[in-house]
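Count residues from 1 along the sequence.
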Amino acid sequence: PDSDAFVACDDLGECHQQSVARFANRAFRRPLTDDERSRLQTFHDSNVAALGVRDGTQMTGAGILQTPQFLYTPTFADGGPADSFALAARLALFLWDSIPDPELFQAAADGRLRNARQVRKQARRMLEDPRAQDMVVRFHHQWMEVEDVYTNHADLAAYSGAHGVDPDEWETVQDYEEAWSVALIGFHRGMELEVEHFVKDVVFGDNGTLGELLTSNQGWVTTAEDDD
């Protein structure tokens, strides 16, 4: 509860109620209903009375993170204001794997997300954010099962020389194999980086299409010095 992202003022003791309410709004990805606000107030007052301000506030925060409103994606209702917040939450989850930022939250509060043009405007803004690229890369990591490259054991005799592992430099076969295992760490990371660069270029490039994603013959070559 000491995080600047949580505390609504300089001293938690002076604004723990406000901090908890703000945190709940962000966790639920929408304003709380009157009933939710009343129940949260009762829960928080009980925690503070039993544990003190800091520990009680921490307990309240932990409780908020166990609610269905936080754990499950908001559903659409009847086209009313709640649907604007549900759409904002789904946009943020889909494009950022996160919660709505203040601008998107405000757009939902103002009812602007009921307009298709405004939804497209927000989506384009969000796609320009680095979080969108990170999300797209993570999606393709899972879809392509990129992590499996780390289980690839390239043939030592065929490829070790190309990666600077000379058998004549080592006294025993065991030392040679251990050096090759270390070299493979960079080799596998390079394969992973190539996928990341490829996906970013295709998806966020000027002419990126699904066809290019599936059939492009472009690639990226890493060096021993590359680490990101």
Among residues two or more places apart or on two chains, list those pairs meeting side-chain hydrogen bond (donor to acceptor under 3.5 Å, both in side chains) that have a residue in residues 209-218. none
Run the numbers on Asp83 and Arg90 for salt bridge (charged side-chain N to carboxylate O under 4.0 Å, His left out), then give the verdict. CA-CA 10 Å; Asp83 276 359; Arg90 286 171 177 263; over 6 Å; no
To the nearest 0.5 angstrom, please state how far the CD atom of Gln58 sits from the CG atom of Leu12. 10.5 Å
Which pairs pass ring pair (Phe, Tyr, Trp, His ring centres under 6.0 Å) with one or both residues in residues 108-136, sequence neighbours excluded? none
Close side-chain approach of Val136 and His140, heavy atoms under 4.5 Å: yes
Heavy-atom closest pair (Pro31 atom, Asn25 atom, distance to 0.1 Å) is CA-OD1, 3.5 Å
Would you say Leu65 ends up clustered with Val48 if hydrophobic residues are merged whenever their side chains have heavy atoms under 4.5 Å apart, either directly or through other cluster members? yes
Check: Asp45/Gln17 side-chain N/O donor and acceptor closer than 3.5 Å: yes
Contact summary for Leu127 and Phe204, nearest pair of heavy atoms: O-CE2, 3.6 Å
Could you walk me through whether Arg189 and Glu194 pass the salt bridge (charged side-chain N to carboxylate O under 4.0 Å, His left out) check? CA-CA 9 Å; Arg189 178 57 179 151; Glu194 180 180 13; over 6 Å; no
Does anything in residues 131-149 form a salt bridge (Lys or Arg N to Asp or Glu O under 4.0 Å)? List the pairs, not counting sequence neighbours. Asp97-Arg138, Asp129-Arg131
Going only through I, L, V, M, F, W and Y residues with side-chain contacts under 4.5 Å, is there a path from Met126 to Phe139? yes
Could you state the interatomic distance from OG1 (Thr60) to CG (Asn47), rounded to the nearest 0.5 Å? 4.0 Å
With clusters defined by side-chain heavy atoms of hydrophobic residues (ILVMFWY) lying less than 4.5 Å apart, directly or transitively, does Leu51 cluster with Val20? no
Any residue meeting side-chain contact (heavy atoms from CB on, under 4.5 Å) with Val146, in chain and number order, not counting sequence neighbours: His141, Met144, Glu192, Val195
Do Leu104 and Ile99 have side chains that get closer than 4.5 Å, going by heavy atoms? no
Is any side-chain heavy atom of Ile64 closer than 4.5 Å to one of Leu40? yes
Quick one: are Gln69 and Arg29 in side-chain contact, heavy atoms under 4.5 Å? no
Please round to the nearest 0.5 Å and tell me the distance separating atom NZ of Lys121 and atom CZ of Arg125. 9.5 Å
Sequence neighbours excluded - ring pair (Phe, Tyr, Trp, His ring centres under 6.0 Å) pairs with any residue from residues 92-135: Phe85-Phe105
Indicate the atoms forming the closest heavy-atom contact of Leu32 with Glu36, along with that distance. CA-OE1, 3.5 Å
When every non-hydrogen atom of Ala92 is compared with those of Pro100, the smallest separation belongs to CB-N, 3.5 Å
Has Gln118 got a side-chain atom pairing as donor or acceptor with Arg114's backbone, closer than 3.5 angstrom? no
Should the ring pair Phe23 and Phe6 be called parallel, tilted or perpendicular, given that the plane angle runs from 0 to 90° and is split at 30 and 60? tilted
Is Arg26 paired with Asp101 through a side-chain N to carboxylate O contact shorter than 4.0 Å? no
Taking C-beta and beyond as the side chain, do Arg112 and Gln122 meet within less than 4.5 Å on heavy atoms? yes
Take Cys9 and Gln18, measure what side-chain contact (heavy atoms from CB on, under 4.5 Å) needs, and give me the verdict at the end. CA-CA 9 Å; Cys9 65; Gln18 179 184 357; 5.6 Å; no
Do Ser19 and Thr57 have side chains that approach each other closer than 4.5 Å (heavy atoms only, starting at C-beta)? no
Checking the side chain of Thr67 only, and the main-chain atoms of Gly63 only, is there a donor and an acceptor separated by less than 3.5 Å? no
So do the side chains of Val53 and Glu14 get within less than 4.5 Å of each other, counting heavy atoms only? no
Decide whether Met135 and Trp143 are clustered together by the hydrophobic rule: side chain heavy atoms of Ile, Leu, Val, Met, Phe, Trp, Tyr closer than 4.5 Å, transitively. no
May I ask you to check whether over 12 heavy atoms, not counting those of Arg39, lie within 6.0 Å of atom CZ? no
Residue pairs involving residues 28-74 (criterion ring pair (Phe, Tyr, Trp, His ring centres under 6.0 Å); sequence neighbours excluded): His16-His44
